[in-house]
Amino acid sequence: MEMVSWIGIALTAAILALTLKQQQPIFSLMITIAAVLCLLWITAQSLSQLLRTLKSLADAAKISSGIYLPVLKAVGIAAAVRVAGAICKDAGQSALCIKLELLGSIAALAACLPLFEQLLSLVADMLG
């Protein structure tokens, strides 16, 4: 049932933004940003619960946080960059969006470096 509310927020904001876009483009952008912030707040609450569950599962399986934490960071970076990029595109700033996506890719790779280091260490141990 929550999903219906989330879709309702998004569709209402989209219709309002499209209606106002020709007469008041700044209000259209503000409605879009407000809807995004509202949905991000809801997402953050859901994500918090998901992360607690994943941590308890990883603890039960005795999986090191060094393995799953970099992946979660990379996914978080990708999601944040995607939302911010969409806002930039809506504002007519495609060039800014492209640069943000490049920066996000580099940040996601940097977040995964500890995982790569562990993998290389494991391979080195296996080889001798």
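- Summarising the geometry of Phe27 relative to Leu20, their closest heavy-atom pair is CB-CD1, 4.2 Å, with the distance given to 0.1 Å.
- Hydrophobic cluster membership is shared by Leu39 and Leu11, with clusters built from Ile, Leu, Val, Met, Phe, Trp and Tyr side chains linked at under 4.5 angstrom.
- Criterion: ILVMFWY side-chain heavy atoms under 4.5 Å apart, direct or through other members. Under it, Leu122 and Leu120 are not part of a common hydrophobic cluster.
- The structure places CE of Met126 at 11.5 Å from OG of Ser121, a figure rounded to the nearest 0.5 Å.
- Closest approach of Ala17 and Thr32 over heavy atoms only: CB-OG1, 3.7 Å.
- The distance from atom CZ of Arg82 to atom CD1 of Ile87, rounded to the nearest 0.5 Å, is 13.0 Å.
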Where do Glu101 and Cys97 land on the side chain to side chain contact (heavy atoms under 4.5 Å, CB included) test, with the steps shown first? CA-CA 6 Å; Glu101 289 172 351; Cys97 176; 3.5 Å; yes
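- For the pair Leu113 and Leu109, the minimum side-chain heavy-atom distance is 4.5 Å or more.
- For the pair Tyr68/Ile63, a side-chain contact is recorded, criterion being any heavy-atom separation below 4.5 Å from C-beta on.
- No single ILVMFWY cluster, assembled from side-chain heavy atoms under 4.5 Å apart, contains both Leu16 and Leu29.
- In this structure, Ser56 OG and Leu54 CG are separated by 7.5 Å, a value rounded to the nearest 0.5 Å.
- Both Ile42 and Met3 belong to a common hydrophobic cluster when Ile, Leu, Val, Met, Phe, Trp and Tyr are linked at side-chain heavy-atom distances under 4.5 angstrom.
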CA sep, side-chain torsions, deciding dist, call: Leu57, Thr53, side chain to side chain contact (heavy atoms under 4.5 Å, CB included): CA-CA 6 Å; Leu57 289 173; Thr53 303; 4.3 Å; yes
Passes side chain to side chain contact (heavy atoms under 4.5 Å, CB included), Ile77 versus Val81? Steps please. CA-CA 6 Å; Ile77 290 168; Val81 166; 4.2 Å; yes
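- Both Ile67 and Leu51 are members of a single hydrophobic cluster when ILVMFWY side chains are connected at heavy-atom separations under 4.5 Å.
- With a 6.0 Å radius and a threshold of 12 heavy atoms from other residues, nucleotides or ligands, Gln45 has its CD atom above the threshold.
- The two residues Ala74 and Cys112 have their closest heavy-atom pair at CB-SG, 3.7 Å.
- In plain terms, the two heavy atoms of Gly66 and Leu115 that are nearest each other are O-CD1, 4.1 Å.
- Of all non-hydrogen atoms in Ile31 and Ala13, the two that sit nearest each other are CG2-O, 3.6 Å.
- Judged by distance alone, the side chains of Arg52 and Ser48 do bring a donor and an acceptor atom under 3.5 Å apart.
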